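Presented below is the structure to which this report refers.
We number each residue from 1, following the sequence as shown. This structure is a prediction, so every number in the text was calculated from the model and none was measured.
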Amino acid sequence: MQYSEGSLGRVFVLRMDHGEDLIESLQKFLKEKKIESCTALFLGALRDGRAVTGPTSPVIPPTPNFEAYDSAWEVFGMATVYPSVQGPNLHIHSAMGRGRQSLTGCIRDKAGVYLVVEAVLFEICGLAAERVWDEKMRLCLLSLKNQL
């Protein structure tokens, strides 16, 4: 196990409107406010995107199973952000529903806002944390300074 201790910094409340992209909007905001590490909670509705709903089979490295969603899906989820060599690295997981269908997974690439998405971002200061490419997993994994 790895860990790093930090403290709560700024808290932001965001509203993303119909037609905006959730991922693009969050990335732009992180850069503008110079947020390196944070967690975010969000709720609202999305359309026209795709999510990873697990691997196609349980092997390492995993091959992601993508599921597309369109039309309008209710959504709630959370994200973590840590620095990487490419800048703030956003990792979003959510649950979505439309009628009797549901989808849970890691939102990737794009996520169009339908009507509105509200988010609360909690900045974390003083962490020794970063996302680092792991060749074995073929993923950017969280790396923390201290180990138990």
Side-chain angles (χ1 to χ4, degrees), residues 1-125 127 129-134 137-144:
M1 174 189 287
Q2 300 176 19
Y3 74 94
S4 181
E5 184 174 340
S7 59
L8 188 61
R10 301 170 290 176
V11 177
F12 298 96
V13 176
L14 286 70
R15 184 182 105 181
M16 287 151 280
D17 293 313
H18 185 81
E20 291 184 79
D21 183 88
L22 173 67
I23 296 168
E24 186 179 289
S25 295
L26 287 174
Q27 287 174 331
K28 181 178 176 186
F29 187 82
L30 293 167
K31 288 178 184 170
E32 285 178 5
K33 294 298 182 180
K34 296 180 173 57
I35 300 169
E36 290 189 356
S37 298
C38 76
T39 189
L41 303 174
F42 64 92
L43 56 91
L46 294 177
R47 62 173 297 149
D48 303 329
R50 63 186 199 150
V52 173
T53 59
T56 56
S57 61
V59 297
I60 295 174
T63 300
N65 181 67
F66 283 96
E67 295 288 338
Y69 55 90
D70 59 5
S71 196
W73 292 68
E74 293 295 315
V75 65
F76 72 91
M78 69 176 299
T80 57
V81 175
Y82 299 106
S84 74
V85 294
Q86 291 87 18
N89 186 292
L90 185 61
H91 187 190
I92 304 174
H93 276 246
S94 70
M96 293 181 270
R98 178 172 159 72
R100 293 184 155 281
Q101 293 180 300
S102 64
L103 184 64
T104 302
C106 181
I107 296 175
R108 300 264 181 99
D109 304 327
K110 66 175 192 157
V113 172
Y114 172 72
L115 299 178
V116 68
V117 169
E118 298 172 3
V120 181
L121 277 65
F122 302 92
E123 182 181 39
I124 306 168
C125 300
L127 288 181
E130 64 180 330
R131 287 208 204 277
V132 178
W133 180 255
D134 184 288
M137 297 287 188
R138 294 192 190 151
L139 298 167
C140 255
L141 297 179
L142 177 60
S143 177
L144 301 165

How many angstroms lie between atom SG of Cys125 and atom CD1 of Ile35, to the nearest 0.5 angstrom?
-> 9.5 Å

Pro62 to Pro55 - nearest heavy-atom pair and separation | CB-CB, 4.0 Å

Any side-chain heavy-atom pair of Leu14 and Met16 under 4.5 Å | yes

Stepwise side-chain contact (heavy atoms from CB on, under 4.5 Å) check, Phe12 with Val120 = CA-CA 6 Å; Phe12 298 96; Val120 181; over 6 Å; no

Verify side-chain contact (heavy atoms from CB on, under 4.5 Å) between Val13 and Glu118, making sure each step is shown before the conclusion.
-> CA-CA 7 Å; Val13 176; Glu118 298 172 3; over 6 Å; no

Shortest non-hydrogen contact from Arg47 to Tyr69?
-> C-CE1, 3.9 Å

Would you please test Leu121 and Val81 for side-chain contact (heavy atoms from CB on, under 4.5 Å) and show each step?
-> CA-CA 10 Å; Leu121 277 65; Val81 175; over 6 Å; no

Residues Val75 and Ala45: closest non-hydrogen pair is CG1-N, 3.7 Å

Would you say Glu123's side chain and Arg10's backbone share a donor-acceptor pair under 3.5 angstrom?
-> yes

Between Asp109 and Ile23, is a side-chain contact (heavy atoms from CB on, under 4.5 Å) present by the stated rule, with each step listed?
-> CA-CA 7 Å; Asp109 304 327; Ile23 296 168; 5.7 Å; no

Quick one: CG on Leu26 to CG on Leu90, what's the gap to the nearest 0.5 Å?
-> 5.5 Å

Of all heavy-atom pairs linking Ala72 and Arg98, the shortest is O-CD, 3.2 Å

Atom pair OH/NE2 of Tyr82 and His91 - distance to nearest 0.5 Å | 11.0 Å

SG (Cys38) and CG (Leu8) are apart, to the nearest 0.5 Å, by 11.0 Å

Any idea which heavy atoms bring Thr104 and Ala95 closest together, and the distance?
-> OG1-CB, 3.9 Å

Would you give the length of the straight line joining atom SG of Cys106 to atom NE2 of His93, rounded to the nearest 0.5 angstrom?
-> 4.0 Å

Would the number of heavy atoms belonging to other residues, nucleotides or ligands and lying under 6.0 Å from CZ of Phe76 be above 12?
-> no

Does any N or O in the side chain of Asp21 come within less than 3.5 Å of the main-chain N or O of Ala111, such that one atom is a donor and the other an acceptor?
-> yes

Any side-chain heavy-atom pair of Pro88 and Gln27 under 4.5 Å | no

With Phe122 via ring pair (Phe, Tyr, Trp, His ring centres under 6.0 Å) - residues at least two apart | none

CD-CG distance between Glu36 and Leu30, expressed to the nearest 0.5 angstrom | 10.5 Å

Looking only at non-hydrogen atoms, find the nearest pair between Leu142 and Arg131 and report the distance.
-> CB-NH1, 4.0 Å

